[in-house]
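Before any comments, here is the structure.
Letters go in sequence order (proteins before strands), and every chain restarts at 1.
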Protein chains: 2
Amino acid sequence: MALTGIDVSQTASAARIVFEALRKAIVTGELKDGDPLRQDAIAQVFNTSRIPVREALAMLEQQGLVRNQRYKGAVVTGLSIEEAGEIFEFRCLVEAHVMRAAVPRMTPEIIATAHAICEEFAVEQDPMRWGDLNRAFHGTLLAASGLPFHVSTLDSAMDRLDRYLRAQLLLTDGQNRANGEHRAILAACARGDADAAAELAVAHVRGANAALRVHLARIKAGFGQS
Amino acid sequence: MALTGIDVSQTASAARIVFEALRKAIVTGELKDGDPLRQDAIAQVFNTSRIPVREALAMLEQQGLVRNQRYKGAVVTGLSIEEAGEIFEFRCLVEAHVMRAAVPRMTPEIIATAHAICEEFAVEQDPMRWGDLNRAFHGTLLAASGLPFHVSTLDSAMDRLDRYLRAQLLLTDGQNRANGEHRAILAACARGDADAAAELAVAHVRGANAALRVHLARIKAGFGQS
DNA sequence: GTAACGCAGATAGGATACAATATACAACAT
DNA sequence: ATGTTGTATATTGTATCCTATCTGCGTTAC
């Protein structure tokens with residue numbers, strides 16, 4: 001028996017595929033706040049029936065990405081400035097803790113991987129990929145912590161914030177700033193300075209929040225309208 | 001038109017009812033780790049079809065309370081000692097932060113409500129209600145923080161831990177200990193000492209974790225078997 | 001003219017029916 | 001006896017159909 005095969009049982013159900021696709025579309029901002037999600041339309045896109053779509057919407061609601069109103073349908077949930085601010089503070093709190101736990105456990109391989117992502121981020125031309133690379137960078141470092149519950153909670157928080165972060169990266173000097181801060185965090189990790197890495201991570205998150213507030217305030221004041 | 005009525009549109013869908021009922025059954029320990037959840041059986045219990053049941057199971061999976069395996073069905077997820085320990089530490093981290101934010105915002109009414117729950121907890125005979133009262137106590141204080149995302153995250157963490165806490169309350173001197181610690185926390189809140197309240201809350205959570213570890217270790221060693 | 005009413009189309013919720021897959025067990029070959 | 005294979009049954013995944021509810025627009029009463 002020298003036969004190599006892939007685990008067929010892992011083939012995802014339609015519901016899971018739809019869930020992941022919708023999740024990504026919401027997180028990246030492809031689907032915007034308040035956009036209605038029509039079961040029929042989604043079912044057609046994925047060439048399936050509405051049953052798996054409904055399961056996907058139920059899951060998205062649990063993640064806080066969608067609001068479901070009986071007999072009215074699902075819409076993408078937005079965030080107020082206040083809500084976004086709270087979630088940023090949550091990230092600061094938890095990410096600092098996780099980073100402190102992660103630094104002493106980082107192998108040279110992890111540092112190298114993060115470094116590669118960092119460099120790719122710096123030279124990437126396509127703004128659509130910045131968000132992905134940003135999350136990959138943070139995810140790589142945090143995963144070393146061995147604290148999967150904390151990390152998954154941060155992931156969930158990031159899902160709520162990511163569209164706003166992506167928008168902010170595009171419209172300001174965000175990419176450069178993020179790039180510099182990522183390098184500083186990585187350097188602290190590489191020299192094993194957990195406290196510095198945690199502090200830099202917090203500053204990084206707070207900076208993004210501040211930039212975002214300015215950006216949203218401008219839009220609200222009518223400057224950002226197209 | 002002096003007619004008062006309730007918002008009929010809030011009548012929950014079958015999926016939501018099933019979700020809440022299963023969630024409560026899992027959280028309270030009525031459904032135990034590894035118990036299989038048969039769609040047909042659940043549908044019969046709630047006198048509905050399998051469609052809403054499947055949506056409920058999808059939601060429970062997002063909450064981490066259930067694991068769904070394609071064509072095999074859903075089972076209640078258990079927690080290893082390590083996983084439970086991590087979630088306890090998460091609670092310590094977040095609850096301390098939320099408590100610090102909550103104390104300066106606590107009104108006399110909130111203190112009074114928490115006090116009433118505390119006293120009810122002390123004299124309650126039915127062990128099945130201890131868990132509910134414990135959560136109500138913590139929830140009342142934390143809600144004052146005005147940090148709904150943090151609080152909902154803590155709630156989700158509690159959902160994962162609660163069955164173990166309830167079991168531990170039953171088998172040790174847990175109720176007395178919890179009761180004393182609750183009163184100490186409440187006293188700190190009442191005198192506006194946020195730092196003390198946060199520290200006491202952390203000690204309270206860590207104590208529960210320690211008691212639980214001892215309890216689980218005993219079971220593992222064969223002492224706790226019936 | 002305005003506001004209430006009613007109807008029609010659109011859309012979500014749910015039940016039933018069918019397909020796909022897993023599991024247990026019996027029959028069979030060795 | 002043991003291991004393999006076929007088959008029956010249980011269970012999950014999905015499609016289709018029906019029902020309940022919402023929404024928008026035209027009608028009508030005042």
Under 3.5 Å between N/O atoms: give me all the protein pairs with nucleotides 14-18 of chain C, atom names plus distance.
| unit_1 | atom_1 | unit_2 | atom_2 | d |
| --- | --- | --- | --- | --- |
| dG14(C) | OP1 | Ala14(B) | N | 2.8 |
| dG14(C) | N7 | Arg54(A) | NH1 | 2.8 |
| dA15(C) | OP2 | Thr48(B) | OG1 | 2.7 |
| dA15(C) | OP2 | Ser49(B) | N | 2.7 |
| dA15(C) | OP2 | Ser49(B) | OG | 2.8 |

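- Pairs engaging residues 138-150 of chain A under the salt bridge (charged side-chain N to carboxylate O under 4.0 Å, His left out) rule: none recorded [sequence neighbours left out].
- For the helix from dG1(C)-dC30(D) to dT30(C)-dA1(D), the axis fitted to the five pairs at one end and the axis fitted to the five pairs at the other end meet at an angle of 10° (nearest 10 degrees).
- Within the structure, salt bridge (charged side-chain N to carboxylate O under 4.0 Å, His left out) pairs that include any residue of residues 145-165 of chain A comprise Arg23(A)-Asp159(A), Asp33(A)-Arg163(A), Arg135(A)-Asp155(A), Arg135(A)-Asp159(A), Arg135(A)-Asp162(A), Asp162(A)-Arg166(A) (at least two apart or interchain).
- Taking atom CG on Asn68(A) and atom P on dC22(D), their separation rounds to 15 Å, with Å as the unit.
- Applying the side chain to side chain donor-acceptor pair (under 3.5 Å) test to Arg129(B) and every residue at least two apart in sequence or in another chain returns Glu120(B).
- As a whole-Å value, the separation of Glu61(A) CD from dA12(C) P is 14 Å.
- With sequence neighbours left out, the side chain to side chain donor-acceptor pair (under 3.5 Å) criterion links Arg206(B) to Glu89(B).
- Within the structure, the ring pair (Phe, Tyr, Trp, His ring centres under 6.0 Å) test picks out the following pairs touching residues 131-155 of chain B (sequence neighbours left out): Phe90(A)-Phe149(B), Phe90(A)-His150(B), His97(B)-His150(B), Phe137(B)-His182(B), His138(B)-His182(B), His138(B)-His204(B).
- In this structure, the side chains of Val98(B) and Leu154(B) come closer than 4.5 Å at one or more pairs of heavy atoms.
- A heavy atom lying under 4.0 Å from DNA chain C marks none of the residues of residues 32-43 of chain B.
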Return a table of donor-acceptor pairs under 3.5 angstrom between the side chains of residues 43-52 of chain A and protein atoms on other chains or two or more places apart.
| unit_1 | atom_1 | unit_2 | atom_2 | d |
| --- | --- | --- | --- | --- |
| Ser49(A) | OG | Ile51(A) | N | 3.3 |
| Arg50(A) | NE | Gln39(A) | OE1 | 3.1 |
| Arg50(A) | NH2 | Gln39(A) | OE1 | 3.4 |

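- Contact annotation: Lys72(B) does not reach the phosphate of dT11(D) (side-chain N/O to OP1 or OP2, under 4.0 Å).
- dT11(D) atom C1' lies 14 Å from atom CD of Gln69(B), rounded to whole Å.
- Qualifying salt bridge (charged side-chain N to carboxylate O under 4.0 Å, His left out) partners for Arg100(A), counting only residues two or more places apart in sequence or in other chains: Asp195(A).
- Not counting sequence neighbours, the partners of Ser80(B) by the side chain to side chain donor-acceptor pair (under 3.5 Å) test are Glu82(B), Glu83(B).
- Residues that satisfy the side chain to side chain donor-acceptor pair (under 3.5 Å) test with Gln125(B), not counting sequence neighbours, are absent from this structure.
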